[in-house]
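Atoms considered below: every heavy atom in the structure, side chains included; atoms not considered: hydrogens, waters and symmetry mates. Being a predicted model, the structure only gives us computed values, none of them experimental. For the single chain, residues carry numbers from 1 onward in sequence order. We count ligands from 1, going down the list as the structure has it; atoms in each ligand are counted the same way.
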Amino acid sequence: MPTTETAAPSLDLAYVRSQFPSLAQTVNGHPATFLDGPGGTQVPQRVIDAISDYLRRDNANTGGAYATSRHTDAMIAEARAAMADFLHCAADEIVFGPNMTTLTYAISRAIGREIRPGDEILVTRLDHDANVSPWLQVAEDRGVTVRWAEIHDEDCTLDMDDLASKINQNTKLVAVGYASNAVGTINPVKRIVELAHAAGALVYVDAVHYGPHGLIDVAALDCDFLACSTYKFFGPHMGVLFGKREHLKRFRPYKVRPNTNAIPNCWEWGTLNHECIAGITACVEYIADVGRALGGPRRDGRLGRPSSEARTSLSRRAAIEAAYAAFHEHENAMLEKMMAGLRQIPGLKIYGVTDPSRFHERCTTFAVRIEGHTPLELATKLGDRGFFTWDGNYYALNLTEHLEVEKSGGFLRIGLVHYNTLDDVDRLLAALREIAT
Ligand SMILES: Cc1ncc(COP(=O)(O)O)c(C=O)c1O
């Protein structure tokens with residue numbers, strides 16, 4: 001959540017929505033309502049333009065002695081700087097890859113080289129499998145113990161006592177998600193980092209689901225690694241990894257011989273998706289522009305427009321912080337409306353935090369089931385009415401198995417991000433009520 005304590009000026013939703021061309025579509029005469037952000041968000045026009053401009057103008061490999069190759073090198077450096085502002089780290093601590101899963105396999109292989117018998121790895125029941133299986137496979141290869149941090153079943157939050165009790169002097173790595181892509185729980189990652197570091201363990205954070213909802217600050221978290229995917233926060237299909245410089249230098253990547261030994265490139269396998277990297281800068285600039293338009297939180301804590309001088313003097317990081325403060329304010333309003341409405345629907349069960357006094361422990365991702373309907377039936381009926389939701393386990397397989405919903409279709413997942421509206425929530429609730437009854 002935003003680091004600043006002053007109030008957030010409100011989001012200009014008309015401006016926001018005008019940036020995303022796909023939001024204007026219709027399905028069977030209904031407005032297309034994108035409630036599938038957890039599976040991948042829509043992109044602003046400027047991301048589409050950046051990708052096609054790169055392909056039209058500069059499409060080249062890196063490191064060549066000619067103009068378009070030099071432009072490509074410069075473009076990648078710009079994207080690294082943009083992601084460094086987004087995550088709050090240095091540009092040489094940013095590694096690009098095809099997606100979070102691939103990057104996590106790369107890092108887990110390298111860390112695995114240093115894991116010895118007697119060491120332990122801790123994973124959680126709540127995580128997406130991309131932050132579980134790579135570590136289970138390292139443990140299997142190295143013959144070491146895996147410990148599982150369990151959840152409180154009633155609200156799908158991590159059982160922190162259980163987690164703390166399973167970290168000890170043998171723990172080499174704690175793998176934890178920042179937010180659950182299934183039930184929306186936000187985990188106390190900073191506290192987990194403190195516990196792990198006190199025992200001498202590294203922390204690998206999966207921030208894929210947190211990225212669209214909350215400001216990420218790796219400096220404040222002090223985590224060792226953090227992975228995210230730009231397609232979940234309004235950018236192209238790419239993965240991005242933050243690694244502390246000391247770790248990126250110390251661990252030995254699996255890599256081909258001609259690849260450089262210099263960080264961060266030594267962690268990047270083969271030729272990257274240059275056009276998508278061009279889209280990443282545009283995506284970060286979109287978020288920063290939302291913040292610039294707001295001018296950042298006002299120092300006096302009141303809502304309102306800042307002066308144009310205040311707008312232009314904002315650093316990109318400060319602009320990103322301002323944008324997330326406004327995203328949070330708007331998402332919170334949708335969260336309250338959504339939760340109040342879901343509770344009125346007969347036969348509907350909500351998984352995750354439902355108590356409004358604990359809404360800071362969740363984001364706007366809702367996992368529900370309705371008696372007498374499979375999640376697939378619900379998603380299909382909603383889809384026919386123009387509501388894009390998802391059904392199943394979304395790879396949070398350990399959670400759906402643990403809650404015994406895996407064999408009966410998992411959950412229906414409804415995911416709201418900042419470009420959704422209170423009207424989307426009202427219409428979705430009306431459709432769900434109609435389907436449920
Ligand atoms: C929480 C979470 N972690 C990891 C992933 C995997 O990300 P990627 O598709 O970039 O590998 C996802 C994808 O849905 C996710 O939601």
- Message: Looking only at protein heavy atoms, which one is nearest to atom 11 (O) of ligand 1, and what is the separation?
- Response: T101 OG1, 2.5 Å
- Closest to atom 15 (C) of ligand 1 among protein heavy atoms sits H128 CD2, 3.2 Å
- Item | Note: E154-R358 ion pair, threshold 4.0 Å (strictly below) | no
- Query: Among protein heavy atoms, which sits nearest to atom 10 (O) of ligand 1, and what does the distance come to when rounded to 0.1 Å?
  - Reply: S229 OG, 2.6 Å
- Item | Contact with ligand 1 for K232, non-hydrogen, under 4.0 angstrom | yes
- Message: Could you work out, for atom 16 (O) of ligand 1, the closest of T102, N181, L103 by heavy-atom distance?
- Response: N181
- Query: Just which atoms of ligand 1 are under 4.0 Å from any heavy atom in M100?
  - Reply: 4 (C), 7 (O), 8 (P), 10 (O), 11 (O)
- Is there a heavy atom in Y231 that sits closer than 4.0 Å to ligand 1? yes
- Message: Counting neighbours of CH2 on W390 that are heavy atoms of other residues, nucleotides or ligands and sit closer than 6.0 Å, is the number greater than 12?
- Response: no
- Using heavy atoms and a threshold below 4.0 Å, how should the contact between V208 and ligand 1 be classified: side chain, backbone, both, or neither? side chain
- Query: Is a salt bridge present between D49 and R46, judged by a nitrogen-to-oxygen distance below 4.0 Å?
  - Reply: no
- Query: Salt bridge check: are R292 and E285 linked by an N-O gap of less than 4.0 Å?
  - Reply: yes
- Task: May I ask you to decide whether E377 forms a salt bridge with K381, counting only side-chain N to carboxylate O separations under 4.0 Å?
- Result: no
- Task: Could you tell me whether R80 and D92 have a side-chain N and a carboxylate O separated by less than 4.0 Å?
- Result: no
- Message: Quick test of your reading of the model: are K249 and E246 salt-bridged, counting only N-O distances below 4.0 Å?
- Response: no
- Query: For atom 1 (C) of ligand 1, what's the nearest protein heavy atom and its distance?
  - Reply: D206 OD2, 3.4 Å
